[in-house]
**Q** 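Below is a structure I'd like to ask you about.
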Protein chains: 2
Amino acid sequence: MPETSTATPESLSQTLAESGLRATPQRELVFNILLKKRDHPTADEVFARVKAEMPTISLATVYNCLETLVQCRVVRAVNFERGPTRYCPNQKPHAHFHDEQTGSTHDIDLPPGLLDQVKTILPEGYDANSVEIIFRGKAQS
Amino acid sequence: MPETSTATPESLSQTLAESGLRATPQRELVFNILLKKRDHPTADEVFARVKAEMPTISLATVYNCLETLVQCRVVRAVNFERGPTRYCPNQKPHAHFHDEQTGSTHDIDLPPGLLDQVKTILPEGYDANSVEIIFRGKAQS
DNA sequence: GTGAGATTTAGAATTATTCCAATAAACTAA
DNA sequence: TTAGTTTATTGGAATAATTCTAAATCTCAC
Ligand SMILES: [Mn+2]
Ligand SMILES: [Mn+2]
Ligand SMILES: [Zn+2]
Ligand SMILES: [Zn+2]
């Protein structure tokens, strides 16, 4: 299992404040749920998990919170196929491995410098501020 | 502009036959439309372009044809954000550059060996059969 | 405590895609 | 050819994911 680097629950309120946003119970819970099980859940899955602890929360709020967390860059939205967006609280530069057998998604640590190295293939005139790498295949067990 | 490598209109019928599928006018037209303007159109955009030449075609057929072409591997389905799937007839291994200003997507040629090199970062037990690379940023003009 | 602005909420609306059942077209065998 | 069989297309209904909207609730500054 790769190491992960994330905002902590404590630093979240800090980060939100820096964007002029409030640290609401809903935002904190959505974030904590993402931290608890790092399996790249969909909004619906997050909703189900969150609802178990806060039965009155709405799906619209889960979407709102996820969007907010993505804007604040404490969560990454992951899209690599038709189908619902998945959410990832791993802040470290990492790639995604999509296991085609199980449908599960794993984080892959990137060696330092790899993203910059990959960027060197860009022709003149292209200036990338992010690089995303997605593997597809079979992962053992 | 990167070189592209694609199936030709002639080889399409061949490729379809190899999969036991028929080379229908709809499939050929959808494919030719993709070849004509390589801007990674959505199914809706393909539908509009195709309809100009074959006014009776249906959107369902466009989806069916695109799906067939993807299965035959003469077209790639591209998904890197919420929103409709985009389609690309470039068969060569290439990355995508998403220009955030214009929303347009450009093909980026990959130096030979780059994908294999990137695969070497995978830990034991991960066996990737494909690697996708997506850049986001600003492209000149 | 009040008022302004931010956030949440339920439900409606929208978008993209898939499904379905009926028709049409193409291929096969006689 | 033609009848039978399979494949493909079509329009419309259905579904899935997300976004929108307007009303209620909450928070913060005063
Ligand atoms: Mn999505
Ligand atoms: Mn899509
Ligand atoms: Zn991740
Ligand atoms: Zn492409």
Side-chain angles (χ1 to χ4, degrees), chain A residues 12-33 40-51 53-72 74-87 103 105, chain B residues 12-33 40-51 53-72 74-87 103 105:
Chain A
L12 175 63
S13 127
Q14 176 68 26
T15 303
L16 287 167
E18 283 162 12
S19 302
L21 300 167
R22 294 176 186 165
T24 65
Q26 289 88 346
R27 287 172 177 166
E28 290 179 335
L29 180 53
V30 165
F31 183 60
N32 287 335
I33 287 294
H40 302 83
T42 64
D44 257 347
E45 288 164 347
V46 172
F47 179 51
R49 293 175 198 179
V50 157
K51 220 179 175 186
E53 303 191 22
M54 186 187 279
T56 58
I57 198 171
S58 73
L59 177 57
T61 296
V62 170
Y63 273 104
N64 290 341
C65 291
L66 289 169
E67 171 68 9
T68 297
L69 296 172
V70 169
Q71 296 310 333
C72 294
V74 298
V75 167
R76 256 169 81 174
V78 179
N79 278 282
F80 39 73
E81 57 185 353
R82 234 163 312 201
T85 299
R86 298 180 167 275
Y87 296 89
T105 297
Chain B
L12 175 63
S13 128
Q14 177 68 24
T15 304
L16 287 166
E18 281 162 13
S19 303
L21 298 168
R22 295 175 187 166
T24 66
Q26 289 87 347
R27 285 171 180 167
E28 291 180 334
L29 180 54
V30 165
F31 183 59
N32 287 334
I33 287 294
H40 302 84
T42 64
D44 257 348
E45 288 164 348
V46 172
F47 179 52
R49 294 174 197 180
V50 157
K51 219 179 175 187
E53 302 192 21
M54 185 187 278
T56 58
I57 199 170
S58 73
L59 177 58
T61 297
V62 169
Y63 273 104
N64 290 341
C65 292
L66 289 169
E67 172 67 11
T68 298
L69 296 172
V70 169
Q71 296 310 334
C72 294
V74 298
V75 167
R76 256 169 81 174
V78 178
N79 279 282
F80 38 74
E81 56 185 353
R82 235 165 312 202
T85 299
R86 297 180 166 274
Y87 296 89
T105 298

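Here is how names work: the chains are called A, B, and so on, in the same order as the sequence lines, proteins then strands, and each is numbered from 1.
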**Q** Please tabulate, one pair per line, each protein N/O and nucleotide N/O from nucleotides 26-30 of chain D that are separated by under 3.5 Å, including the distance.
**A**
| from | atom 1 | to | atom 2 | distance (Å) |
| --- | --- | --- | --- | --- |
| D:dT27 | O4' | A:R22 | NH1 | 3.4 |

**Q** Just checking B:T61: base, sugar-phosphate only, or nothing, at a heavy-atom cut-off of under 4.0 Å?
**A**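 Touches a base.
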
**Q** Less than 4.5 Å apart, side chain to side chain, heavy atoms only: is that true for A:L12 and A:L69?
**A**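 Heavy-atom side-chain distance check passes, below 4.5 Å.
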
**Q** Just the rounded figure in Å: distance from P of D:dA8 to CG of B:L59.
**A** 19 Å

**Q** How close do B:Q26 and B:M54 get, counting heavy atoms only, and between which atoms?
**A**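 Looking at all heavy atoms of both residues, the shortest contact is CG-SD, 3.8 Å.
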
**Q** Axis-to-axis angle across the helix from C:dG1-D:dC30 to C:dA30-D:dT1, five pairs an end, to 10 degrees?
**A**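 The helix from C:dG1-D:dC30 to C:dA30-D:dT1 shows an end-to-end axis angle of 30°.
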
**Q** Rounded to whole angstroms, how far apart are CD on B:E67 and P on C:dA16?
**A**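 Value for this atom pair: 18 Å.
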
**Q** What pair of heavy atoms forms the shortest contact from B:R27 to B:R22, and how long is it?
**A** NH1-O, 2.8 Å

**Q** Side-chain N or O of B:R82 less than 4.0 angstrom from OP1 or OP2 on C:dT15?
**A**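 So the side chain of B:R82 is outside the cut-off, no N or O lying under 4.0 Å from OP1 or OP2 of C:dT15.
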
**Q** List for me each residue that meets side-chain contact (heavy atoms from CB on, under 4.5 Å) alongside A:E53, sequence neighbours excluded, and say none if there are none.
**A** A:L29, A:I33, A:K36

**Q** My understanding is that only residues two or more places apart in sequence, or in another chain, count here; which of them pass side-chain hydrogen bond (donor to acceptor under 3.5 Å, both in side chains) with B:R49?
**A** B:D39

**Q** List in chain and number order the residues that pass salt bridge (Lys or Arg N to Asp or Glu O under 4.0 Å) with B:R76, two or more places apart in sequence or in another chain; answer none if no residue qualifies.
**A** none

**Q** Provide the closest heavy-atom pair for B:P84 versus B:T42 in the form atom of the first, atom of the second, distance.
**A**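 Minimum heavy-atom separation between B:P84 and B:T42: CG-CG2, 3.6 Å.
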
**Q** Rounded to whole angstroms, how far apart are CG on A:L69 and P on C:dT8?
**A**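 Going from CG in A:L69 over to P in C:dT8 covers 10 Å.
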
**Q** Just to verify, what does A:E67 make a side-chain contact (heavy atoms from CB on, under 4.5 Å) with, not counting sequence neighbours?
**A** A:Q71, B:R82

**Q** Give the rounded distance in Å between these two atoms: CZ of B:F47 and P of C:dT18.
**A**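 Result: 16 Å.
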
**Q** Can you name the side-chain contact (heavy atoms from CB on, under 4.5 Å) partners of B:S19, sequence neighbours left out?
**A** B:L21, B:C72

**Q** Can you figure out which of D:dT10, C:dT17, C:dT8 approaches the side chain of B:Q26 most closely?
**A** D:dT10

**Q** Whether B:Y63 contacts C:dT18 is assessed here as follows: a side-chain N or O lying under 4.0 Å from the phosphate OP1 or OP2. Is that the case?
**A** no

**Q** Return the value, rounded to whole Å, for the distance between atom CE of A:M54 and atom P of C:dT7.
**A**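 It works out to 15 Å between those atoms.
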
**Q** Counting side-chain heavy atoms from CB outward, which of D:dT10, D:dA8, C:dT17 is closest to B:L21?
**A**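 For B:L21, the side-chain atoms sit closest to D:dA8.
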
**Q** Taking only distance into account, with no hydrogens and no angle test, what donor-acceptor pairs under 3.5 Å do side-chain atoms of residues 55-63 of chain B form with protein atoms, sequence neighbours excluded?
**A**
| from | atom 1 | to | atom 2 | distance (Å) |
| --- | --- | --- | --- | --- |
| B:S58 | OG | B:T61 | N | 3.1 |
| B:S58 | OG | B:T61 | OG1 | 3.0 |

**Q** Apply side-chain contact (heavy atoms from CB on, under 4.5 Å) to B:A23 and list each qualifying residue two or more places apart in sequence or on a separate chain.
**A** B:S13, B:L16, B:E28

**Q** Under 4.0 Å between a side-chain N/O of A:T24 and OP1 or OP2 of C:dA6, yes or no?
**A** no

**Q** Of all residues at least two apart in sequence or in a different chain, which pass the ring pair (Phe, Tyr, Trp, His ring centres under 6.0 Å) check with B:F80?
**A**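 Partners of B:F80 by the ring pair (Phe, Tyr, Trp, His ring centres under 6.0 Å) criterion, ordered by chain and then number, come out as B:H98.
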
**Q** Check nucleotides 19-24 of chain C for protein N or O atoms closer than 3.5 Å to its own N or O atoms and list the pairs.
**A**
none

**Q** Reading DNA chain C from 5' onward, which residue's closest nucleotide shows up sooner: B:R86 or A:I57?
**A** A:I57

**Q** Whole-Å distance between C:dT18 C1' and B:D44 CG?
**A** 14 Å

**Q** Can you measure B:E45 atom CD to C:dT15 atom P for me and round it to whole angstrom units?
**A** 14 Å

**Q** Heavy atoms under 4.0 Å, any strand shown: does B:T42 hit a base, just sugar-phosphate, or nothing?
**A** nothing

**Q** How many Å lie between CD on A:Q71 and C1' on D:dT19, as a whole number?
**A**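 For the pair A:Q71 CD and D:dT19 C1', the rounded distance is 14 Å.
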
